[in-house]
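Basis for what follows: all heavy atoms, side chains included, without hydrogens, waters or symmetry-related copies.
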Amino acid sequence: MVLKTHKHVVALAALSALLAACGGGSDGGVSEKAGAQSADTPVLSANQQAFESLMLAPASGSYLMHWNLAYAGNQTSGTHYAYSDASVMSASPLTNGPQIVTQGAPQNLATTLALVAPAPTRVLKNGVVLVVPENGAASKVSYVGNDVRVDSLAADNVTVAYSVVRSDYETVALTGTVGTTPADLAHFLNSFFSNPSVLDAATSYAAGASYLKFTQKNLDDRYNVFDCTTATTTANVTPCRTGTTLNAVLTSGIASNSDGTTYRLADGATSTVGGVPVWVATKPRPLSATLSTTVQYRIYFELGGNVYTGALIKDGTAMGGSYYVSNPNGATVTDRLTFLPFHIRMNKAARDSLAAAMKI
């Protein structure tokens with residue numbers, strides 16, 4: 001997901017009907033000599049060793065899954081999709097400093113479904129809206145203490161849009177058949193495994209197949225930007241109100257359908273962020289709106305005479321991963337879903353094994 005992750009998006013109406021599940025995200029921080037035995041002898045931490053086992057050439061790379069697949073029943077090309085992309089790092093940040101890593105081209109996993117270009121991530125930073133592409137994204141990777149820092153770059157491949165710090169790495173081997181996949185991976189990939197028409201459970205995992213599980217935290221405040229009405233893919237996001245001020249909009253109140261709330265001036269506080277007036281709600285957005293354990297706060301901001309919306313993820317916030325349907329008979333979307341606090345990347349053998357098992 002995205003549910004890119006992170007960087008991975010299913011409509012709430014589809015989720016309410018238990019029709020689909022999705023996910024996705026992206027791999028991608030000044031290098032410190034973590035765990036150094038001396039000032040002249042840098043040593044990789046266990047987290048960094050695990051990270052490099054997947055990412056550092058000549059390894060085949062870190063594979064990320066992107067999908068929107070029906071929870072049950074048939075798939076519709078143009079709506080549902082399943083693809084992967086991979087990233088490879090040419091040198092270790094431990095001894096070579098920060099490394100620029102670029103996602104490879106998407107590789108379709110489903111022969112019956114067309115590739116669908118997912119929407120990019122947009123963030124408000126230093127007074128402008130930055131666009132982080134979903135496909136072909138570039139990141140800067142460095143080491144901080146025992147952990148891995150990933151700076152996601154805007155479309156210019158230079159400007160840092162937002163950053164995370166990854167830790168708690170765990171490598172898990174995949175053996176036996178797809179039908180015996182460990183619960184963490186099966187739950188993370190949700191509808192790949194919930195829908196029996198997607199994967200052949202009898203397919204065996206290739207020798208050496210494995211995945212990497214980790215957690216990550218947001219670094220610095222991150223102001224995501226959303227379209228208020230019509231969907232766009234550029235920095236020219238759709239405003240909520242035109243030719244007005246932030247104070248005027250919030251004084252009269254503005255409704256957020258996804259949050260199920262009409263926000264008013266007294267429901268938050270306004271400050272200037274990078275030269276832009278930004279109002280931030282006091283209470284977090286509901287889980288039913290975010291579909292992630294990542295705590296977010298609704299924002300409205302004034303830019304160029306218009307008012308726009310988005311969400312603040314505060315510095316140090318734990319970034320949620322995917323989710324799965326654990327209680328199909330639950331009364332609400334959040335009753336039906338279990339949200340996962342971790343993220344997963346696979347090696348090539350694992351990715352190719354799932355590709356070989358695809359029945360769609």
Side-chain angles (χ1 to χ4, degrees), residues 2 4 6-7 9 12 119-134 151-156 158-165 217-320:
V2 220
K4 303 322 152 290
H6 230 107
K7 324 303 311 297
V9 178
L12 289 176
T121 298
R122 276 83 63 87
V123 297
L124 176 68
K125 188 172 184 179
N126 297 328
V128 297
V129 175
L130 301 175
V131 180
V132 180
E134 183 65 25
D151 295 331
S152 291
L153 304 181
D156 63 4
V158 174
T159 306
V160 175
Y162 58 88
S163 306
V164 296
V165 175
K217 290 185 178 181
N218 187 52
L219 183 62
D220 300 324
D221 289 347
R222 168 178 163 184
Y223 295 85
N224 287 334
V225 177
F226 307 144
D227 288 306
C228 210
T229 53
T230 306
T232 65
T233 59
T234 70
N236 296 316
V237 295
T238 306
C240 302
R241 301 285 189 274
T242 59
T244 187
T245 66
L246 183 64
N247 188 73
V249 168
L250 287 163
T251 297
S252 60
I254 183 168
S256 167
N257 292 331
S258 61
D259 293 0
T261 301
T262 295
Y263 290 103
R264 303 183 187 280
L265 200 60
D267 297 323
T270 302
S271 63
T272 300
V273 180
V276 176
V278 179
W279 177 92
V280 179
T282 302
K283 295 181 180 179
R285 299 180 67 201
L287 187 58
S288 59
T290 65
L291 296 177
S292 169
T293 58
T294 304
V295 178
Q296 304 178 36
Y297 297 82
R298 173 65 63 181
I299 68 169
Y300 292 97
F301 62 96
E302 182 183 335
L303 190 63
N306 300 323
V307 173
Y308 301 84
T309 193
L312 165 63
I313 303 174
K314 295 182 179 181
D315 179 36
T317 298
M319 304 295 287

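Counting only heavy atoms from C-beta outward, the side chains of T270 and L265 approach each other to under 4.5 Å. Residues V295 and I313 form no side-chain contact, since every pair of their non-hydrogen atoms from C-beta on lies 4.5 Å or further apart. Two residues are said to be in side-chain contact when any heavy atoms from C-beta on lie closer than 4.5 Å; V123 and R222 meet this criterion. Looking at heavy atoms from C-beta onward, V249 lies out of side-chain contact with E302 at the 4.5 angstrom threshold. For the pair V273 and L124, the minimum side-chain heavy-atom distance is 4.5 Å or more.
Using modelled atom types, no side-chain atom of D227 and backbone atom of P239 make a donor-acceptor pair closer than 3.5 Å. At distances below 3.5 Å, not a single donor-acceptor pair connects side-chain atoms of T238 with backbone N or O atoms of T229. The main-chain N or O of A248 is never found under 3.5 Å from a side-chain atom of R241 such that the two would form a donor-acceptor pair. Using modelled atom types, one side-chain atom of N218 and one backbone atom of D220 make a donor-acceptor pair closer than 3.5 Å. Listed for the T290 side chain is a donor-acceptor partner under 3.5 Å among the backbone atoms of S292. Side chain of D221 to main chain of D315: a donor-acceptor pair is present (N/O by atom type, distance under 3.5 Å, no hydrogens or angles).
A pairwise comparison of heavy atoms in V131 and P120 identifies CG1-CB, 3.8 Å as the closest pair. The minimum heavy-atom distance linking A311 with Q296 is given by the pair CB-OE1, 3.5 Å. Of all heavy-atom pairs spanning A289 and S258, the tightest one is CB-O, 3.3 Å. Minimum interatomic distance between L303 and G127 (heavy atoms only, all atoms of both residues): CD1-O, 3.7 Å. Taking both residues in full, the closest heavy atoms of Y300 and C240 are given as CE2-SG, 4.2 Å, listed atom of the first, atom of the second, then distance. Closest heavy-atom contact between L219 and V165: CD2-CG2, 4.2 Å.
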Between R264 and L250, does a side chain to side chain contact (heavy atoms under 4.5 Å, CB included) hold up when you go through it step by step? CA-CA 5 Å; R264 303 183 187 280; L250 287 163; 5.9 Å; no
In sequence, state the C-alpha distance, the side-chain angles, and the governing distance for T309 and S256, and then conclude on side chain to side chain contact (heavy atoms under 4.5 Å, CB included). CA-CA 9 Å; T309 193; S256 167; over 6 Å; no
D151 vs S163, side chain to side chain donor-acceptor pair (under 3.5 Å): CA-CA, chis, key distance, verdict: CA-CA 4 Å; D151 295 331; S163 306; 2.5 Å; yes
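Taking OG1 of T245 as the start and CG of N247 as the end, the distance is 5.5 Å to the nearest 0.5 Å. A distance of 11.5 Å separates CG in L130 from OG1 in T121, rounded to the nearest 0.5 Å. Taken to the nearest 0.5 Å, the OH atom of Y263 stands 11.5 Å off from the CD1 atom of I299. Remark: T294 OG1 to L287 CG distance equals 10.0 Å, nearest 0.5 Å.
Below 30°, between 30° and 60°, or above 60°: for F301 and Y308 the angle between ring planes is below 30°, a parallel geometry.
A cation-pi arrangement is absent between K125 and Y162 under the rule of less than 6.0 angstrom and at most 45 degrees off the ring axis.
A salt bridge (Lys or Arg N to Asp or Glu O under 4.0 Å) check over residues 248-262, counting only residues at least two apart or in different chains, returns the pairs D259-R285, D259-R298.
With sequence neighbours left out, the ring pair (Phe, Tyr, Trp, His ring centres under 6.0 Å) criterion links Y223 to no other residue.
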